[in-house]
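Working notes, beginning with the structure itself.
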2 protein chains.
Amino acid sequence: MVTTCAGVSAAPGGDPYQQGCPTRRILDRIGDRWTVLVVGALGDGTARFSELKRRIEGISQKMLTQTLREMERDGLVTRTMYAQVPVRVEYQLTDAGMSLRGPLKALEEWSIEHLGMVMTAQQVYDQPS
Amino acid sequence: MVTTCAGVSAAPGGDPYQQGCPTRRILDRIGDRWTVLVVGALGDGTARFSELKRRIEGISQKMLTQTLREMERDGLVTRTMYAQVPVRVEYQLTDAGMSLRGPLKALEEWSIEHLGMVMTAQQVYDQPS
DNA sequence: GTGGTCTGGTCACCTACGGTAACCAGAGTT
DNA sequence: AACTCTGGTTACCGTAGGTGACCAGACCAC
């Protein structure tokens, strides 16, 4: 058993409710707005940079680069550069990245399922009444 | 079937990859750093404001208030105020909020499971080599 | 050889969001 | 009158994240 959070030995892997805990850092990273979408956009195949940018509407070049770098660093995607002209760069989920698809898909499905309910709740809440 | 994203009728509930799409807005909200932790901290019971603040180490009063208000607006939690002295405020997940626990728990488990792998990947990546 | 194209980036700039800490109500307690 | 408690709100500030310009570098058309 590995103790990852200072002073916390009861929870293997660390208690996400403890600040500065690695688990929480990871939760922050994968809960990141763009990471979720990149994982979904990559799916089980490979995609080029520009392809991802096109798929994920609204993402800026900077944020896509940044997100992909972070994900590469975290071992979630692999980056393959082909010295062609013009340069071709392909991204692909690693096994770890693939394993994230399940949980994230569940989240996506939840939001689609509860979309109507949330919208209604908001309208009710916002009513001056 | 409800078309929620302008020009998108193929995906019921909306395509999260379309910007401005309600599904994406919800994904942003629940993917929010603090919302995830509040859902976990509330669990299946009720909790007072100060209790949540204590459980979620590192959250500021402002962000807890803000997060809880948003969640209340989204119909994820109920807020009950008891006109005692001092004032007592209790929060509880709604059914919708409860249904979020599964997906979020999966995410939490993923991050605990892959903690080691990610840390290693980062170290390898950061090596000047 | 000069201009235009393509890709995948980087860089400066600025806004907006999140964090910090101070302050508040309002009643009870000493 | 001063101090406690809870559950906030507010001003302030720093740093993320977004925007748009610019870059490499090789190819093609003229």
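Just so we're on the same page: letters track the sequence lines, and every chain starts at 1. The basis for the numbers below is simple: all heavy atoms, side chains too, and nothing from hydrogens, waters or symmetry mates.
B:Y91 places a side-chain heavy atom less than 4.5 Å from the side chain of B:L68. In this structure, the side chains of B:K105 and B:V39 stay at 4.5 Å or more apart for every pair of heavy atoms.
In this structure, A:M63 atom CE and C:dT10 atom P are separated by 13 Å, rounded to whole Å. Nucleotide C:dG8 holds its P atom 10 Å from the CD atom of A:Q84, rounded to whole Å. Taking atom CD of A:E57 as the reference point, atom P of D:dT19 lies 12 Å away to the nearest angstrom. Between the C1' atom of C:dG8 and the OH atom of A:Y82 lies a distance of 15 Å, rounded to the nearest Å. Separating the CZ atom of A:R29 from the P atom of D:dA16 is a distance of 13 Å, rounded to the nearest angstrom. Between B:D32 atom CG and D:dG17 atom P there is a gap of 13 Å when expressed in whole angstrom units. D:dT6 atom P lies 14 Å from atom CG of B:L64, rounded to whole Å. Atoms CD1 (B:I56) and P (C:dG19) sit 12 Å apart, rounded to a whole Å.
Using a distance-only test at 3.5 Å, with no hydrogens or angles considered, no donor-acceptor pair links the side chain of A:T67 to the main chain of A:T35. Within the 3.5 Å criterion, the main-chain N or O of A:V89 finds no donor-acceptor partner in the side chain of A:R48. Distance alone, capped at 3.5 Å, places no donor-acceptor pair between the B:S111 side chain and the A:L27 backbone.
Taking the charged nitrogens against the carboxylate oxygens, B:K53 and B:E51 have no contact shorter than 4.0 Å, which rules out a salt bridge.
In terms of position on DNA chain D, the residue among A:R33 and A:P86 whose nearest nucleotide sits closer to the 5' end is A:R33.
Side-chain nitrogen and oxygen atoms of A:W34 include at least one within less than 4.0 Å of the OP1 or OP2 phosphate oxygen of D:dG18.
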Sort me out a list of protein N/O and nucleotides 7-13 of chain D N/O pairs below 3.5 Å, or just none if empty.
from, atom 1, to, atom 2, distance (Å)
D:dG7, OP1, B:R48, NE, 3.3
D:dG7, OP1, B:R48, NH2, 3.3
D:dG7, OP1, B:V89, N, 3.1
D:dG7, OP2, B:S50, N, 3.1
D:dG7, OP2, B:S50, OG, 2.9
D:dG7, N7, B:Q61, NE2, 3.3
D:dG8, OP1, B:R69, NH2, 2.9
D:dG8, OP1, B:R79, NH1, 2.5
D:dG8, OP2, B:R79, NH1, 3.1
D:dG8, OP2, B:Y91, OH, 2.7
D:dG8, N7, B:Q61, NE2, 2.7
D:dT9, OP1, B:R69, NH1, 3.3

